[in-house]
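One structure is given below, encoded as structure tokens.
Each chain gets a letter, A, B and so on, in the order the sequences are listed, and its residues count up from 1. In this text, all values refer to a predicted model and were calculated from it rather than measured experimentally.
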Number of protein chains: 2
Amino acid sequence: MKKQWRSHCPISFGLDVFGDRWSLLILRDIIFKEKKRYQEFLNSEEGISTNILADRLKLLEDHGIISKKDDPDNKKQILYAPTKKGLDLIPVMLEIIRWSGRYDLDTAVSREFIARLSNDLDGLIREVRSQFEKPQRLKKQRHKKESRK
Amino acid sequence: MKKQWRSHCPISFGLDVFGDRWSLLILRDIIFKEKKRYQEFLNSEEGISTNILADRLKLLEDHGIISKKDDPDNKKQILYAPTKKGLDLIPVMLEIIRWSGRYDLDTAVSREFIARLSNDLDGLIREVRSQFEKPQRLKKQRHKKESRK
DNA sequence: ATTGTTACTTGCAAAAAACAAGCTATTGAT
DNA sequence: ATCAATAGCTTGTTTTTTGCAAGTAACAAT
């Protein structure tokens, strides 16, 4: 990593990390479209070129926004996944979606999704995050008795 | 305007409009730092160059995110202001601020601001917007009696 | 009348993106 | 064991965008 930040203004900091035309699209693929593999990103409709994709994957990994690991079932495949830092960009992406849903006359966002952004933003965020959360080891059991099925 | 959208995915649409390293910084200056003039933008600490600034101001105006008008007091000065479409990007910027506040160890965001993002996001948004809203003509008076000071 | 300011524009070099091809380590099929 | 296919990249080359310096037109201030 060579780059310095232009400033420590938080907007500027954010833009230095993901303020380009591709980084958030890759993260969208990973988080909202559940894509995991290089070829899947390459096939996205916006048509990223392979060198740019390789570059952005590396940058996102360097910034700690995504992580990669080998596919246990297939040694030639690599699986990309979001880190917590990456998942914390969900609210940013959802607000972009809300804005585009309002101003793109031909937007692909459904009315239902827009409505949910207004009515249940937190639930939506939790739902999107949940699929990436490790199956959680149960915390210290509550003292209240619970019936088991 | 020559450009087409890469797709109607809302993330992609948003990035096509403001997904570069400068557009949101200019909007930050206008909305959060109350800057209005070309020179003020030029003087921002990130150091935008003049041709890029001119280009982005034009794009932002073409996209309906900012508007320009002549300064009534000084014919050679032009004043830039956010439109409603621009103000509607406040939530996006606030979420970027929240993220950077969390992950930039040297962030310029105060603890108080971060706290307010969590505790009173809507109030914060209203407060930021309010300074750009036209002094509103009073709406139809409410029927409930109100005492006047 | 001269000098300074403001909001740009223009020209050029450097950096980044897009486009096209090639390379290497698995695989799976024969 | 060999061979073609596939996945994940690299490596050129061209095109576009950026950064930097200088210049200009319209006004303002002295």
Side-chain angles (χ1 to χ4, degrees), chain A residues 1-7 12 15-27 29-30 33-63 66-81, chain B residues 1-7 12 15-27 29-30 33-63 66-81:
Chain A
M1 257 200 277
K2 58 168 180 180
K3 188 174 49 174
Q4 300 288 99
W5 313 119
R6 287 176 291 177
S7 80
S12 169
L15 293 174
D16 283 344
V17 173
F18 53 78
D20 70 279
R21 288 156 36 79
W22 296 110
S23 296
L24 283 186
L25 287 187
I26 297 169
L27 200 61
D29 282 353
I30 295 176
K33 304 195 173 182
E34 287 146 87
K35 294 184 180 181
K36 297 174 179 57
R37 287 176 268 271
Y38 198 90
Q39 288 301 322
E40 295 179 290
F41 306 139
L42 264 192
N43 292 336
S44 288
E45 64 176 330
E46 290 86 7
I48 192 170
S49 47
T50 177
N51 55 342
I52 302 295
L53 175 57
D55 180 70
R56 291 307 127 86
L57 286 170
K58 182 167 186 334
L59 283 174
L60 287 169
E61 197 193 358
D62 287 348
H63 284 128
I66 62 175
S67 65
K68 54 196 277 196
K69 60 168 193 168
D70 293 347
D71 186 336
D73 301 337
N74 186 332
K75 281 197 184 171
K76 82 178 163 185
Q77 294 211 153
I78 288 176
L79 301 178
Y80 291 91
Chain B
M1 257 199 277
K2 57 168 182 183
K3 188 173 49 175
Q4 299 288 98
W5 312 119
R6 287 176 292 177
S7 79
S12 169
L15 293 174
D16 283 343
V17 174
F18 53 78
D20 71 279
R21 289 158 32 83
W22 296 110
S23 297
L24 284 187
L25 287 187
I26 296 169
L27 200 60
D29 281 353
I30 294 176
K33 303 196 173 182
E34 287 146 86
K35 294 184 181 183
K36 296 174 180 58
R37 287 177 268 271
Y38 197 91
Q39 289 301 323
E40 294 180 290
F41 306 137
L42 265 191
N43 292 337
S44 288
E45 65 176 329
E46 290 85 7
I48 193 171
S49 47
T50 177
N51 55 339
I52 303 294
L53 175 57
D55 182 69
R56 292 306 127 87
L57 286 171
K58 183 167 184 336
L59 283 174
L60 286 169
E61 196 194 355
D62 288 347
H63 284 128
I66 61 175
S67 64
K68 54 195 277 195
K69 60 168 192 167
D70 294 346
D71 186 336
D73 300 339
N74 185 333
K75 281 196 182 171
K76 82 177 164 187
Q77 293 214 154
I78 288 176
L79 302 178
Y80 292 91

Rounded to whole angstroms, how far apart are [atom1] on [X] and [atom2] on [N]?
{"X": "B:Gln77", "N": "C:dC8", "atom1": "CD", "atom2": "P", "answer": "11 Å"}
{"X": "B:Asp16", "N": "D:dT17", "atom1": "CG", "atom2": "C1'", "answer": "16 Å"}
{"X": "B:Ile52", "N": "C:dA13", "atom1": "CD1", "atom2": "C1'", "answer": "14 Å"}
{"X": "B:Asp55", "N": "D:dT16", "atom1": "CG", "atom2": "P", "answer": "15 Å"}
{"X": "B:Ile66", "N": "C:dA7", "atom1": "CD1", "atom2": "C1'", "answer": "13 Å"}
{"X": "B:Leu57", "N": "C:dT6", "atom1": "CG", "atom2": "P", "answer": "16 Å"}
{"X": "B:Ile48", "N": "D:dA21", "atom1": "CD1", "atom2": "P", "answer": "16 Å"}
{"X": "B:Glu46", "N": "D:dG19", "atom1": "CD", "atom2": "P", "answer": "12 Å"}

Applying side chain to side chain donor-acceptor pair (under 3.5 Å), name anything that partners [X], two or more places apart in sequence or on another chain.
{"X": "B:Tyr80", "value": "none"}
{"X": "B:Ser67", "value": "none"}
{"X": "A:Asp29", "value": "A:Ser44"}
{"X": "A:Asn43", "value": "none"}

5'-most contact on DNA chain C: B:Ile78 or A:Asp20, nearest heavy atom basis?
-> B:Ile78
So, is [X] near the phosphate of [N], with a side-chain N or O under 4.0 Å from OP1 or OP2?
{"X": "B:Trp22", "N": "D:dG19", "result": "yes"}
{"X": "A:Arg21", "N": "C:dA18", "result": "yes"}
{"X": "A:Lys58", "N": "D:dT10", "result": "no"}

Mind running a 4.0 Å heavy-atom check of residues 33-43 of chain A against DNA chain C and sending the residues that fall below it, in number order?
-> none
Please tabulate the protein-to-nucleotide N/O contacts below 3.5 Å involving nucleotides 26-30 of chain D, giving atom names and distances.
residue, atom, partner, partner atom, Å
D:dA28, OP1, B:Lys75, N, 3.4

Distances under 3.5 Å between nitrogen or oxygen atoms of protein and nucleotides 19-22 of chain C:
residue, atom, partner, partner atom, Å
C:dC19, N4, A:Asn51, ND2, 2.9

Do B:Leu59 and B:Arg56 pass the side-chain contact (heavy atoms from CB on, under 4.5 Å) test, and can you show the C-alpha distance, the side-chain angles, and the key distance before you say yes or no?
-> CA-CA 5 Å; B:Leu59 283 174; B:Arg56 292 306 127 87; 4.0 Å; yes
A:Ser7: partners by side chain to side chain contact (heavy atoms under 4.5 Å, CB included), with sequence neighbours left out = A:Cys9, A:Ser12, B:Glu45, B:Glu46
List every contact pair, protein side and nucleotides 1-4 of chain D side both N or O, where the distance is under 3.5 Å.
none

Check whether any side-chain heavy atom of A:Phe18 sits under 4.5 Å from a side-chain heavy atom of B:Leu15, and report yes or no.
-> no
Side-chain contact, heavy-atom cut-off 4.5 Å: B:Trp22 with B:Leu53?
-> no
Does the pair B:Leu25 and B:Ile48 meet the rule for a side-chain contact (heavy atoms from CB on, under 4.5 Å), with working shown?
-> CA-CA 9 Å; B:Leu25 287 187; B:Ile48 193 171; over 6 Å; no
So salt bridge (Lys or Arg N to Asp or Glu O under 4.0 Å) across residues 68-77 of chain B, not counting sequence neighbours, yields B:Arg37-B:Asp71
Could you tell me whether B:Arg21 and A:Asp20 make a salt bridge, using a distance below 4.0 angstrom between a side-chain N and a carboxylate O?
-> no
Testing D:dT18, C:dT9, C:dA7 for proximity to the side chain of B:Arg56, the answer is D:dT18
